[in-house]
S.K.: 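If you scroll down you'll find the structure; I have some questions about it.
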Amino acid sequence: MKKEERLVKKITQKSKDFSKWYVEIIKKAEMADYAPIKGMMVIRPYGFAVWENLQNLLDLRIKETGHSNAYFPLFIPESLLEKEAEHLEGFSPEVAWVTHGGKEELEERLAVRPTSEAIIGNMYSKWIKSYRDLPVLINQWANIVRWERVTRPFLRTTEFLWQEGHTVHETAEEAQKETMMILELYKEFTESELAIPVISGIKTEREKFAGAEATYCIEALMADGKALQMGTSHFLGQHFSKVFNIRFEDRNQKLQYGWQTSWGVSTRLIGAVIMAHGDDSGLKLPPRIAPIQVVIVPISVGDWQKTVLPVATRIKNDLKQAGIRVKLDQREEFTPGWKFANWEMRGVPLRIEIGPRDIKNNQAIAVRRDTGDKTPVALKELKEKVSATLADIQKSLLKAAFKYQQDNTHEVDNYEEFKSVLENQRGLIKTFWCGDSACEDRVKNETMGTIRAVLLDKDKSGKAKGKCVLCGKETDKLVYFARAY
RNA sequence: CGGGGCGUAGCGUAGCCUGGUAGCGCACAGCGUUCGGGACGCUGGGGUCGUGGGUUCGAAUCCCACCGCCCCGACCA
C-alpha cells in the first residue's frame with residue numbers, strides 16, 4: 001500500500017497515461033532532455049551510456065559477420081539524391097537542406113543525409129570494378145536528420161543516431177542471404193541484449209523502404225498495445241546499382257550490376273527498452289546494457305564511515321574486478337530510502353544494501369529491480385551470486401516481455417473480431433491477408449491498423465493457407481496487423 | 001498540415017473571469033539533527049509570467065499575431 005502511494009506521488013502511472021509516463025521517465029532518469037530546437041533532444045550521459053553499451057554489443061556482431069566500419073559525408077548533393085526516383089519521393093518530404101555556405105548561396109543544394117544509400121552508392125561505383133572487389137561489406141555509425149512533424153524522444157526525433165550497413169554482392173542470392181542474415185542478427189541482438197522479443201517478416205509494398213526491392217523488419221509490441229519497428233534489413237536488388245552505376249566484371253568477363261543490401265537500427269531501440277520493461281517506479285534496464293549493473297547503497301547510520309563503508313568499498317572493488325559495472329553510492333546528502341527510489345527510477349538491475357546489521361552477519365542484502373525480491377547473501381558468495389542474478393534478471397525480463405507479447409497476440413479470422421480487438425485491446429493481430437493493397441488500405445482507414453510484417457514461410461508453423469480477413473480470398477499470406485508508432 | 005487543449009522558477013501549479021506588490025509544494029544552497037523504503041528544523045537563492053505588438057496611468061490578467069508543447073487524425077526509423 002505504502003509503496004503504491006509513493007509511486008503515485010512521484011510519477012505518472014504507466015497504465016494511466018502511457019505517453020506522459022514515457023516522457024517523465026526519460027526526464028527523471030536523466031536519459032535525455034528536450035533541446036531548444038523542435039523535435040531535437042539531448043541524449044544525457046546516462047542515456048548515452050546505454051547507447052554506447054548497445055552500440056558495442058551490436059558492433060561486435062556486425063564485425064564478427066565480416067563487416068567493417070567506415071564513415072561517409074553528412075551532406076548529399078541534390079543531384080545524387082534525385083537519381084533513384086522512388087527513393088527521392090519517399091524521403092523528400094523530410095529532408096533538411098543546406099542552401100548557403102556562410103553568405104554564399106550554394107550552386108547545388110545539399111541534403112543533410114536522411115539515409116546514405118545515395119552517397120555510398122556514388123562511392124561504391126568508383127571502388128567496385130571486378131567480382132574480386134566483392135562483396136563490399138561496410139557499416140557506418142552516423143547521425144541522420146529527418147524533418148518529422150510529430151516527434152518523441154528516442155522514438156522519433158529530427159536527428160537520431162543509427163547504424164547503417166551497405167553491402168554489395170555478386171549475385172541476388174548472396175545479397176538476399178545477407179539481408180536475411182542481418183535480420184536474424186538483429187532479432188538475436190534485440191532478444192538477447194535488449195530482452196525484447198520481436199516478430200519478424202517482410203513489409204508490404206505500402207510499408208517498404210523507398211527504393212528497396214524488399215524490406216524485412218523486426219517489430220516489437222509495446223506496453224500500450226502498439227507495435228514499434230525495431231530494425232529493418234532491405235534487399236535493394238539492383239535499383240541503386242543501376243542508377244549509381246555500380247558495375248563489375250563477373251567471373252565470365254561480363255559486366256554486371258551489383259546486388260545490394262542496406263540495414264539499420266537506431267537510437268529508437270532505447271525508446272523500446274524504456275517502454276518494454278519500465279514500470280511505475282521507473283526504468284528497468286536489462287543488465288547487458290545497463291550503465292550501472294549493481295549499485296551499492298551503504299546504510300549510513302552511526303559511525304558507518306568506519307564500519308560499513310570499508311566493507312562496501314571492498315565489495316565494489318571485488319565486483320569491478322569481476323567485470324561488473326558497479327557503483328557505490330556513498331553520498332551523505334541523501335538517505336538510503338531516497339537512494340533506493342532514485343536508483344530504481346534509473347533502472348539499475350540489482351541493488352546491494354549493506355548496513356551495520358549485515359556487517360555483523362557477514363552478509364549484504366541483494367534487491368532485484370525486476371521482481372523487488374530482497375535476499376540476504378553471504379559476503380563471500382556475493383561475487384558469484386551477483387553474476388548469476390544479473391544473468392537471471394536478463395532472462396526474466398525477456399521472459400516477461402515474451403509473455404506479454406504472447407498474451408497480446410490475437411489470432412483472428414473475421415473482420416468484426418479484428419476491429420473489436422484493435423479497438424479494445426490493441427496488440428498484435430495474426431491473420432491472413434490476400435495481398436491486395438485495397439484490403440490493406442481499408443484496414444488502415446477503418447481501424448488505423450497496418451500490416452507490420454508478412455510472416456516468412458519458416459515462421460508459419462503449419463498454417464499454410466487461409467482466408468483474407470477482409471475479402472475472404474484464399475491466400476498463403478499470414479500477417480501481423482497492429483497499430484504502430 | 002487539419003481539430004481540440006495548454007504555456008507562470010528545474011518540475012508541478014495558484015493567480016487571469018473582475019488589470020494595481022507574482023504565491024505555494026517539490027527540487028536547489030548553507031547550518032544542525034537524521035539515515036534499514038523518497039527525513040526534519042531554521043535560513044537563503046532563483047521569475048524576460050512562451051515571444052512580439054496593441055489597449056491602458058498601469059498588463060501574468062484584456063485584444064491581435066507568432067512560436068512551442070500535449071492529445072486526436074494524415075505522414076514516418
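Here is the naming used below: chain letters follow the sequence lines, and residue numbers restart at 1 for every chain.
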S.K.: Base, sugar-phosphate, or nothing for A:Val150, non-hydrogen atoms under 4.0 angstrom?
M.R.: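 It contacts base atoms.
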S.K.: Scan A:Met448 against the nucleic acid and name what it touches under 4.0 Å (heavy atoms): base, sugar-phosphate only, or nothing.
M.R.: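 Since only primed, P, OP1 and OP2 atoms lie under 4.0 Å of A:Met448, the category is sugar-phosphate.
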S.K.: Across nucleotides 31-36 of chain B, 5' to 3', mark each nucleotide with B, S or - according to how protein heavy atoms within less than 4.0 Å reach it.
M.R.: ----BB
S.K.: Any base atoms under 4.0 Å from A:Thr115, or only sugar-phosphate, or nothing? Heavy atoms, all strands.
M.R.: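 It contacts nothing in the nucleic acid.
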S.K.: Assign A:Thr215 to base, sugar-phosphate, or nothing according to its heavy-atom contacts below 4.0 angstrom with the strands shown.
M.R.: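 Result for A:Thr215 = nothing.
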S.K.: Can a side chain N or O of A:Lys444 be found less than 4.0 Å away from OP1 or OP2 on B:rC75?
M.R.: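 Looking at the OP1 and OP2 atoms of B:rC75, one of them is under 4.0 Å from a side-chain N or O of A:Lys444.
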S.K.: Between B:rG19 and B:rG58, how many Å separate the two C1' atoms, rounded to a whole number?
M.R.: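 Their C1' atoms lie roughly 8 Å apart.
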S.K.: Any N or O donor-acceptor pair under 3.5 Å from the base of B:rG37 to the side chain of A:Lys374?
M.R.: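 In this structure, the two groups form a donor-acceptor pair.
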S.K.: Using a 4.0 Å heavy-atom cut-off, does A:Glu148 contact any base of the nucleic acid, only the sugar-phosphate backbone, or nothing at all?
M.R.: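 It contacts base atoms.
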S.K.: Does A:Phe209 reach a base, just sugar-phosphate, or nothing at all? Heavy atoms under 4.0 Å.
M.R.: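 It contacts nothing in the nucleic acid.
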S.K.: Taking C-beta and beyond as the side chain, do A:Arg206 and A:Asp441 meet within less than 4.5 Å on heavy atoms?
M.R.: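 Yes, at least one pair of side-chain atoms sits under 4.5 Å.
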S.K.: Specify the residues of residues 175-201 of chain A, ordered by number, for which at least one heavy atom lies under 4.0 angstrom from an atom of RNA chain B.
M.R.: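 Residues of residues 175-201 of chain A that come under 4.0 Å of RNA chain B do not exist, since none gets that close.
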